[in-house]
Amino acid sequence: MPELPEVETVVRTVAPYLIGRRIIDARFTSKFVTPGNRAALAEKIKGRRIVSVRRRGKFVVIELDQGTLAIHLGMTGNLLASGKATGHTHGYFTLDDGVLLYNDPRQFGRIEWSPGPAKRVAKLGPEPLEITLEEFQKRMKRKSRVKPLLMNQAFIAGIGNIYADESLFNSGIHPLAQASRLSALRVAKLHQAIRDILHEAIEHRGSTISDYRDADGACGGFQLLHKAYGREGEPCVICGTAIRKTLVAQRGTHYCPKCQKR
DNA sequence: CTTAATGTTCCCCA
DNA sequence: TTGGGGAACATTAA
C-alpha cells in the first residue's frame with residue numbers, strides 16, 4: 001500500500017497526534033513485523049518521548065528522546081491515530097494522550113528500533129523530490145531496465161509499482177527501456193514526470209487501491225487519476241490505444257504500447 | 001481452486 | 001560487481 005505519497009500523507013496526518021507525546025506502553029504481537037524479542041522492544045521504547053515524525057523513502061521515522069523507530073508499512077500496513085485493536089493489530093502504543101495502532105494483515109511491514117539514528121534508512125538512495133537532474137542523470141547510467149531501477153530503493157527511495165508505472169507513462173518511456181540508453185532529453189522528462197506525479201499524488205493524499213488509509217482512517221484520492229496503473233484494456237488518455245499489462249520483474253506493469261517507446 | 005495484490009530480501013545463475 | 005529470475009514471507013478477495 002505505501003509508496004512515497006502514501007507514507008508522506010500518513011506522516012503528515014499522524015505527526016500532530018504524536019509530537020511531544022510520551023509512550024506509556026507498547027505491545028507487539030507479530031514475529032514478522034517485529035522480529036526478535038518483542039517484549040524487549042516494548043521495554044526499550046516504554047517511557048520515551050516522541051521528538052519528531054518524518055518520512056524517508058517509504059519509512060516513517062519516529063525520533064524518540066532516546067533512539068529511533070523506523071516503521072515500514074509493507075504492502076498492507078496502516079498507522080492509525082485511533083481505533084480498537086483487531087486481529088490484524090500487531091503494534092499497539094498507549095500514549096500519555098491517545099493511542100497509536102499498527103495494523104497489517106499480511107505482516108510484510110516492519111517496526112524496528114535503533115539506539116541512534118534509524119539504521120534502516122542509511123542505505124536508501126536519494127529522495128526523488130530532492131534529487132537534482134544532474135545527479136539523476138549520473139545515476140541513470142546503469143544497464144538495468146528502467147522500471148525495476150526506479151523501484152530499487154537504493155537507487156531512489158520511495159517509488160513503488162504504482163508511481164513507477166505512472167511516471168513512465170507521463171514521460172513516454174517503455175518500462176523495459178535500458179536506463180543507460182535513454183537520451184538526455186528523455187531522462188530529463190522522466191525526472192520531471194517523477195516530480196510531477198509524486199507532488200500531485202501527495203496533493204490528493206495518495207492512492208487507495210485496497211488497504212491504504214491515512215492516520216485518521218481516510219482513503220486517498222489519487223487512484224481516480226491514474227493513467228496507466230490498473231487501467232489494463234482501457235483507452236490511453238493520449239492516443240486511445242488499449243493500455244497493456246505485462247509482467248516486469250514479477251510486478252504487474254501497465255503501459256501504453258503506442259506512447260511509451262523503448 | 002487459482003491468481004494477484006501498493007514490498008523487500010535472499011538465493012542462484014550468467 | 002551488476003543484473004535477471006524465482007521463491008519466500010501471510011492474508012484476502014476475486
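As a basis for the values below, the full set of heavy atoms in this structure was taken, side chains included, without hydrogen atoms, waters or symmetry mates.
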Between [atom1] of [X] and [atom2] of [Y], what distance do you get to the nearest 0.5 Å?
X: A/E63; Y: A/S114; atom1: CD; atom2: OG; result: 12.0 Å
X: A/D25; Y: A/I23; atom1: CG; atom2: CD1; result: 10.0 Å
X: A/H191; Y: A/I156; atom1: NE2; atom2: CD1; result: 7.5 Å
X: A/L79; Y: A/L73; atom1: CG; atom2: CG; result: 5.5 Å

What is the separation between atom [atom1] on [X] and atom [atom2] on [N], rounded to the nearest whole Å?
X: A/Y229; N: B/dA4; atom1: OH; atom2: P; value: 13 Å
X: A/I162; N: B/dA4; atom1: CD1; atom2: C1'; value: 14 Å
X: A/D211; N: B/dG7; atom1: CG; atom2: P; value: 12 Å
X: A/E3; N: B/dT8; atom1: CD; atom2: C1'; value: 13 Å
X: A/K245; N: B/dA4; atom1: NZ; atom2: P; value: 7 Å
X: A/I159; N: B/dG7; atom1: CD1; atom2: P; value: 11 Å
X: A/N103; N: C/dT12; atom1: CG; atom2: P; value: 13 Å
X: A/L247; N: B/dA4; atom1: CG; atom2: C1'; value: 10 Å

Output one letter per nucleotide in nucleotides 1-7 of chain C: B when a protein non-hydrogen atom lies under 4.0 Å from the base, S when only the sugar-phosphate is that close, - when neither is.
--SSSBB

Would you please say whether a donor-acceptor pair under 3.5 Å links the side chains of A/N103 and A/T89?
yes

Quick one: does A/P175's side chain get under 4.5 Å of A/Q260's, heavy atoms only?
yes

Is the closest side-chain heavy-atom distance between A/W113 and A/I45 below 4.5 Å?
yes

What interatomic distance, in whole Å, is found between P of B/dT2 and the corresponding atom of C/dA7?
15 Å

Rounded C1' spacing from B/dA5 to C/dG4 in Å:
22 Å

Specify the residues of residues 105-116 of chain A, ordered by number, for which at least one heavy atom lies under 4.0 angstrom from an atom of DNA chain C.
A/P105, A/R106, A/Q107, A/F108

Answer yes or no: does a side-chain N or O of A/H88 lie under 4.0 Å from OP1 or OP2 of C/dT11?
no

Of the non-hydrogen atoms in A/A70 and A/A118, which two are nearest, and what is the gap between them?
CB-CB, 4.2 Å

For A/A42 versus A/A26, what's the shortest heavy-atom pair and its separation?
CB-O, 3.3 Å

So, A/D165 and A/K147, do they make that salt bridge, N to O below 4.0 Å?
yes

Keeping A/D96 on the side-chain end and A/R22 on the backbone end, is there a donor-acceptor pair under 3.5 Å?
yes

Among A/R54, A/K58, A/R56, A/R195, find the residue that satisfies the salt bridge (Lys or Arg N to Asp or Glu O under 4.0 Å) test when tested with A/E127.
A/R56

Take A/R120 and A/S210, find for each the nucleotide of DNA chain B with the closest heavy atom, and name the residue whose nucleotide sits nearer the 5' end.
A/S210

When pairs are called at under 3.5 Å and a stem needs at least three consecutive Watson-Crick or G-U pairs, the stems of DNA chain C are B:2-5 with C:11-14, B:7-14 with C:2-9

